[in-house]
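No hydrogens, no waters, no symmetry mates; every other heavy atom, side chains included, goes into these values. We count ligands from 1, going down the list as the structure has it; atoms in each ligand are counted the same way.
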Amino acid sequence: MYKAAIIGCGMIAGRFEDFSTSRTYSHAKAYRKNGAIGKLAFFDPDANRARELSAKSGGQAFAAISEIMVDFQPDIVSVCTPDNFHFSTVELLMQCAFLPKVIFVEKPVCHDRHELARLIEMERTSGTRIIVNHSRRFDVAHERLKALLSSGELGPLVRAHVDYYGGWRHLGVHIIDILQYMLGTLIEIDRVEYYCESKYSDDPTLNIKGHIGNASLSLVGFLENYYQILDMSIMCQRGQIKITDFGNCIEVFRKTVNAEQENVLVRDQAASGVGMRDCISNAIRLICNYLDSGDQSIIEPYGLDEAQNTMNTIWKGTEKYASQS
Ligand SMILES: NC(=O)c1ccc[n+]([C@@H]2O[C@H](COP(=O)([O-])OP(=O)(O)OC[C@H]3O[C@@H](n4cnc5c(N)ncnc54)[C@H](O)[C@@H]3O)[C@@H](O)[C@H]2O)c1
């Protein structure tokens, strides 16, 4: 049995999740439901949060990260702190005498290129693998879309459009990561303009124009005051994929010629359906498979090399914006 620790006991850690239902979106519930995970440890600077989540998950709350590393010695550590504390938390973990085998860190993995270089160096010298929770990569429905796109059935990409909220780095990272992952190509950023502030003071929501090969890409910001949104449309020459409701709703349309000899789209019922089911549970299962077998290839698509491709595109957007303002 593996031991797991969670640093930061807020929403994604499981603070609000109902542990009695079958679906899982949080780290604590995903660990609790995995038969290969035994004891759980929790830390949050708000001691009440750590106590509440440990009570709910049947784990133990600790007063400091250093105590967890000395007394509990976890195999896996989930870093569920706010964006600005991902790097410093991983760095602190890497300075401990006892090292976990895997650090599973929330997105965005870090703030800037210097921090990423340090993470890569710390991973190389420690042997501890760093896995980033770009959650869509762990979703079977998005994995099927990746296979569909690379099969060529829908034809070449024409255009991708995204409506989003919540900061270019904070939320845009999900969009860039999954588009680059599914399309197997890096995105080039052409134009950037300010749309609105996000809850992160240094991370406004930006309108972005770019391209993916010959196809155009647009990200258009939306005010969170109205509501939160993350909708994507991927238009190819012979079909379209619509991913709405934060990836929960997936629709595939295929081009056909109707009775009037017009080119139209028809919904492919079999290829459409729900997404984002139990992504973190899938991630923890993969991590356990890696720990059981030592097979690095299991976790390669979720590691720092891939995160670097994603963050480089994010930083190119940020740098373009800074050079314009
Ligand atoms: N992968 C996804 O789909 C997904 C979804 C939601 C959130 N997230 C990410 O998860 C992270 C946490 O988001 P959240 O919504 O749970 O936030 P949250 O504010 O609900 O929880 C963060 C917790 O971290 C604690 N904390 C603050 N500083 C800390 C520190 N230095 N050390 C330890 N704990 C600290 C806070 O007290 C709080 O309890 C964010 O980086 C966010 O981007 C990812």
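In Asn214, the CG atom is not crowded: 12 or fewer heavy atoms of neighbouring residues, nucleotides or ligands sit closer than 6.0 Å. The environment of Arg254 atom CZ is dense: over 12 non-hydrogen atoms of other residues, nucleotides or ligands sit within 6.0 angstrom.
Side-chain polar atoms of Lys107 and Ser135 form no donor-acceptor pair below 3.5 angstrom. Between the side chains of Ser233 and Gln240, a donor-acceptor pair is found at a separation under 3.5 Å.
Ring centroid separation for the pair His27 and Phe104 comes in under the 6.0 Å cut-off. A distance of 6.0 Å or more separates the ring centres of Tyr227 and Tyr165.
Salt-bridge formation is not detected for the pair Glu17/Lys56: no Lys NZ or Arg NE/NH1/NH2 atom is positioned less than 4.0 Å from an Asp or Glu carboxylate oxygen. Salt-bridge annotation for Asp190 and Lys209: absent, with no side-chain N of the basic residue lying under 4.0 Å from a carboxylate O of the acidic one. Classification of Lys199 and Glu224 as a salt-bridged pair fails, no side-chain N sitting under 4.0 Å from a carboxylate O.
Proximity of Cys80 to ligand 1, defined as any heavy-atom pair under 4.0 Å, is confined to the backbone N, CA, C and O atoms. At a heavy-atom distance under 4.0 Å, only side-chain atoms of His86, from C-beta outward, approach ligand 1. Neither the backbone nor the side chain of His134 has a heavy atom within less than 4.0 Å of ligand 1.
Taking only nitrogen or oxygen atoms, main chain and side chain alike, Tyr200 does not reach within less than 3.5 Å of ligand 1.
Here the protein heavy atom with the shortest distance to atom 11 (C) of ligand 1 is Thr81 O, 3.2 Å. The shortest contact between atom 34 (N) of ligand 1 and any protein heavy atom is with Pro45 CD, 3.1 Å. Of the protein's non-hydrogen atoms, the one nearest atom 38 (C) of ligand 1 is Arg49 NH1, 3.2 Å. When hydrogens are left out, the protein atom nearest atom 25 (C) of ligand 1 is Asp44 OD2, 3.2 Å; that is the closest non-hydrogen contact. What sits closest to atom 16 (O) of ligand 1 on the protein, heavy atoms only, is Ile12 N, 2.8 Å. In this structure, the protein non-hydrogen atom closest to atom 42 (C) of ligand 1 is Asp83 OD1, 3.5 Å. Shortest contact from atom 28 (N) of ligand 1 to any protein heavy atom: Pro82 CD, 3.7 Å. At the top of the distance list for atom 3 (O) of ligand 1, counting protein heavy atoms only, stands Ser135 OG, 2.9 Å.
Heavy-atom contacts of Phe85 reach the following atoms of ligand 1: 28 (N), 31 (N) (cutoff under 4.0 Å). Atoms of ligand 1 lying under 4.0 Å from any heavy atom of Lys107, numbered from 1 in the order shown and given with element: 1 (N), 9 (C), 41 (O), 42 (C), 43 (O), 44 (C). Within the listing of ligand 1, atoms 33 (C) sit less than 4.0 angstrom from a heavy atom of Ile7. Under a 4.0 Å criterion applied to the non-hydrogen atoms of His170, ligand 1 contributes the atoms 42 (C), 43 (O).
For residues 32-41, the side chain to side chain donor-acceptor pair (under 3.5 Å) pairs, not counting sequence neighbours, are Thr24-Lys33.
A search for ring pair (Phe, Tyr, Trp, His ring centres under 6.0 Å) contacts involving Tyr200 returns His170, not counting sequence neighbours.
The residue from Met276, Met11, Arg137, Glu106 that puts a heavy atom closest to atom 1 (N) of ligand 1 is Glu106.
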